[in-house]
Participant: 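A single structure is presented below for examination.
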Amino acid sequence: MKATLLPPPPPAKRRRGPRVAVLALFLCSLLVPLAFLFDRSQSGYVTTDERRRQEVVLPEFHHVEKADGDGTVNGLNQDAPKKTPKVNSGGLQKHKQTDRHTSRISTKPKVLPSPKVDPSEAVKESTQGTREVSKVRKRLDKGTNTDEVENEKACQLEFGSYCLWSREHKVVMKDSIVKRLKDQLFVARSYYPSIAKLEGQEELTVLMKQNIQDHERVLSVSTVDADLPSFINKKMEQMEQTIARAKSCTVDCRNVDRKLRQILDMTEDEAHFHMKQSAFLYNLGAQTLPKSHHCLSMRLTLEYFTSSSLGSNDSSAHKFSAAHGRHYVILSKNILAASVVINSTVNSSKDPKKIIFHILTDAQNFYAMKYWFDKKSYREAAVHVVNYEDIIKEKLTKFNVRHLYLSEEFRVLVRSTEQPAGKTRMEYLSLFSHSHFFIPEIFKDLNKVVVLDDDVVVQRDLSFLWSLDMGDKVNGAIEFCGLRLGQVRNLLGSTTVDTKSCAWMSGINVINLDKWRKHKVTENYLLLLKKFLTKDETSLRAAAFPLSLLSFQHLIYPLDERLILSGLGYDYAIDEDVARSSAALHYNGNMKPWLELGIPSYRRYWKRFLTRDDKFMDECNIIP
């Protein structure tokens, strides 16, 4: 019987799937941190589209404007896409000049005279110190060097309000030994290449190289004096002697100077890189909702659907469309911010029974908002929570802007063309977003509303706003004449503008909805929107600047500037006595009072009206 040798079975094929998956995970682990550092990815943990807090810098434009009453000349400087000078390496954009001649406008529109505003005596008395803010700022600026001021403006142009925050939180280096070690290392590195080229100095070259390596090794593990090893004094003495020997040698000073400049450039580049990283983290913190606030929203949403007492409170529903009521509209995605606005307005009111608040929020926060405000009491004032996105999707399908946008904030550099070195200033301007233009369509039964931003705190009774006779005007707002339409003529497209018209601010705005509909402001806005290129969300949000200014041209009713004090979200120089006596406070800027970045001395005005002793706030660790 012949045995037959069977061939061995073929080897099992290895499955390539797991290897590919592991390789993909490895690549992601390398690329994701890089994308985070260089801001190539979405801002992490943006749960309620708080990205509206990011600032939009406008393109450069120089325009000579007629001198104001105080003899100053205002201009607008905005960045254009060019390379930066070496002084601010890595990002500060150089400016180019555009056409200064605004006389090419074909027809000059007729400018209607601005009606005089007569606020109540209570507001006049309580806000008399508001005009002193500019004087206080001028006094603070007098002690500042002109170069430092201009460097600060250049920093703000590139990094925004981060520069203001970092200046206030600057930590003075107290570790003198570490500082001395760095200085020694700096000098030794500048001399080493020249010494290494000298004949007969091989011993000094080896010694200097050894000392440099020792210093680098110590500084790599020690950032403060307390971390330094016990033998550091001996190392410092050796380095000092080595540097003294190097200085006694005859070297080419040009080589040393060149090396010093090289090291200086590298140090500046490294400092700029770290500053860019810090600015990114600052903006990330300003644009995202704190974890505790996100927790509160999720807990309230869950409670809404699991609560046995589920159901809307209809006791105040009849007030929501009452013509005789005082209707306030708030656009917000932040429960606590909206709550503070309502609390402060009600507590400052002499007759809260007549007040009705309409909160426009998005679908994500609607149920949390509804549960919160249905369970809270605000001194007989009614609160109506509206799902903005559902209304647009179901009832206003002709409008393309489906998402809720909050007030947009813009960073504007205003420059004097007569004295460019001494008359520049940075201003932060807040304007209506795209969502504001649909308020008349959402509240068709109302004829007048007051729009409040969710970063406003009201400290005085605002009932006098309802008795204002605005004539044929639509929007009662605080005018900002530090910026005129002629200074941003190149941003407004081909639309005819009155070059001397002032910009205006959101925060507290009295809206005559009947006049709005009569002048077809929403229709004009939609026509203008088609003229501006809006390729993505960033360009869409940036378009809010020209659209807000153009849509309300000649339709602004100027309110008394003492009504509201702005700048509490970026300006550290506001006098606290002025803040206490103002009728309302506006925290425009990145440093919102509900963030850890908020300016501590101003946050207490906001915290006064924050709801306390709430179990959900305790569970989410929200500390007032």
Side-chain angles (χ1 to χ4, degrees), residues 115 117-123 312-332 338-339 341-361 369-370 373-374 376-388 391 395-396 432 436-454 456 458-477 506-522 555-557 559-560 563-564 583-584 609:
V117 183
D118 187 20
S120 64
E121 292 299 322
V123 174
S312 61
N313 184 9
D314 296 330
S315 59
S316 301
H318 65 282
K319 293 184 178 181
F320 295 158
S321 59
H324 61 277
R326 295 170 180 168
H327 296 267
Y328 292 87
V329 176
I330 304 169
L331 281 71
S332 181
S339 180
V341 177
I342 292 175
N343 266 332
S344 63
T345 305
V346 169
N347 289 334
S348 303
S349 175
K350 296 177 181 177
D351 192 6
K353 291 182 180 179
K354 297 181 179 180
I355 295 179
I356 304 99
F357 293 98
H358 304 273
I359 303 176
L360 296 180
T361 190
M369 285 262 194
K370 189 161 182 58
F373 289 106
D374 281 351
K376 301 294 179 183
S377 175
Y378 297 95
R379 293 181 58 194
E380 300 183 83
V383 181
H384 180 208
V385 181
V386 181
N387 189 332
Y388 170 88
I391 288 183
K395 298 181 180 180
L396 303 173
F432 279 179
H436 286 78
F437 287 94
F438 307 123
I439 290 176
E441 301 294 328
I442 296 173
F443 304 105
K444 292 184 178 181
D445 297 329
L446 304 182
N447 51 30
K448 189 175 185 179
V449 297
V450 172
V451 179
L452 300 175
D453 284 356
D454 67 351
V456 166
V458 178
Q459 300 187 127
R460 298 291 183 272
D461 184 27
L462 299 180
S463 58
F464 75 94
L465 294 176
W466 302 98
S467 60
L468 289 178
D469 181 9
M470 295 170 51
D472 203 40
K473 304 297 182 181
V474 172
N475 183 359
S506 68
I508 296 180
N509 298 86
V510 185
I511 305 297
N512 188 327
L513 296 179
D514 289 337
K515 299 298 181 183
W516 183 304
R517 299 180 185 108
K518 174 186 173 182
H519 290 285
K520 299 183 178 180
V521 175
T522 301
L555 298 176
I556 294 295
Y557 179 87
L559 298 177
D560 194 294
L563 174 64
I564 185 168
F609 300 102

Participant: Under 3.5 Å, side chain of His519 to main-chain N/O of Asp472, donor-acceptor pair present?
Facilitator: yes

Participant: Checking Arg379 side chain against Val346 main chain: does a donor-acceptor pair fall under 3.5 Å?
Facilitator: yes

Participant: Do you know which two heavy atoms are closest between Thr361 and Met369, and how far apart they sit?
Facilitator: OG1-CE, 3.9 Å

Participant: Are Lys444 and Glu441 close enough that some pair of their side-chain heavy atoms sits under 4.5 Å apart?
Facilitator: yes

Participant: Once rounded to the nearest 0.5 Å, what's the spacing between atom CG of Leu452 and atom CG of Leu462?
Facilitator: 7.0 Å

Participant: Contact between Val449 and Phe443 at the side-chain level, heavy atoms closer than 4.5 Å - yes or no?
Facilitator: no

Participant: Quick one: are Leu468 and Leu559 in side-chain contact, heavy atoms under 4.5 Å?
Facilitator: yes

Participant: Could you tell me which non-hydrogen atom of Asp453 sits nearest to which non-hydrogen atom of His436, and how far apart they are?
Facilitator: OD1-NE2, 4.4 Å

Participant: For residues Asn447 and Asn512, report the shortest heavy-atom separation together with the two atoms involved.
Facilitator: O-OD1, 3.6 Å

Participant: Roughly how far, to the nearest 0.5 Å, is CG of Asp461 from OG of Ser349?
Facilitator: 5.0 Å

Participant: Is there a side-chain contact between Ile355 and Tyr378 in this structure, where contact means two heavy atoms from C-beta onward sitting under 4.5 Å apart?
Facilitator: no

Participant: For His358, enumerate each residue passing the side-chain hydrogen bond (donor to acceptor under 3.5 Å, both in side chains) test, keeping only those at least two apart in sequence or located in another chain.
Facilitator: His327, His384

Participant: Supply the atom-to-atom distance Ile511 CD1 to Ile439 CD1, rounded to the nearest 0.5 angstrom.
Facilitator: 7.0 Å

Participant: I want to check something: taking the side chain as every heavy atom from C-beta on, are Val450 and Trp466 in contact at a cut-off of under 4.5 Å?
Facilitator: yes

Participant: Checking the side chain of Thr345 only, and the main-chain atoms of Val341 only, is there a donor and an acceptor separated by less than 3.5 Å?
Facilitator: yes

Participant: In Å and rounded to the nearest 0.5 Å, what is the NZ to NZ distance from Lys473 to Lys515?
Facilitator: 11.5 Å

Participant: Counting N and O atoms only, with roles assigned by atom type, does the side chain of Ser344 sit under 3.5 Å from a partner on the main chain of Gln459, one being a donor and the other an acceptor?
Facilitator: no

Participant: If you measure from CG on Asn387 to CD1 on Ile359, what distance do you get to the nearest 0.5 Å?
Facilitator: 12.5 Å

Participant: Judged by atom type as modelled, is there a donor-acceptor pair below 3.5 Å linking the side chain of Ser332 to the main-chain atoms of Asp454?
Facilitator: no

Participant: Using 0.5 Å steps for rounding, measure from the OH atom of Tyr388 to the CD1 atom of Ile442.
Facilitator: 6.0 Å

Participant: Between Arg326 (side chain) and Ser463 (backbone), is there a donor-acceptor pair under 3.5 Å?
Facilitator: no

Participant: Is it true that a side-chain atom of Asn509 and a backbone atom of Gly507 form a donor plus acceptor pair closer than 3.5 Å?
Facilitator: yes

Participant: In the structure I gave you, are the side-chain heavy atoms of Phe609 and Ser339 within less than 4.5 Å of one another anywhere?
Facilitator: no

Participant: Among Leu465, Asn475, Val451, exactly one meets side chain to side chain contact (heavy atoms under 4.5 Å, CB included) together with Val510. Which residue is that?
Facilitator: Leu465

Participant: Please give me the minimum heavy-atom distance between Phe437 and Thr522, naming the atom from each residue.
Facilitator: O-OG1, 2.7 Å

Participant: With a sphere of 6.0 Å drawn around NZ of Lys376, does it hold more than 12 non-hydrogen atoms of other residues, nucleotides or ligands?
Facilitator: yes

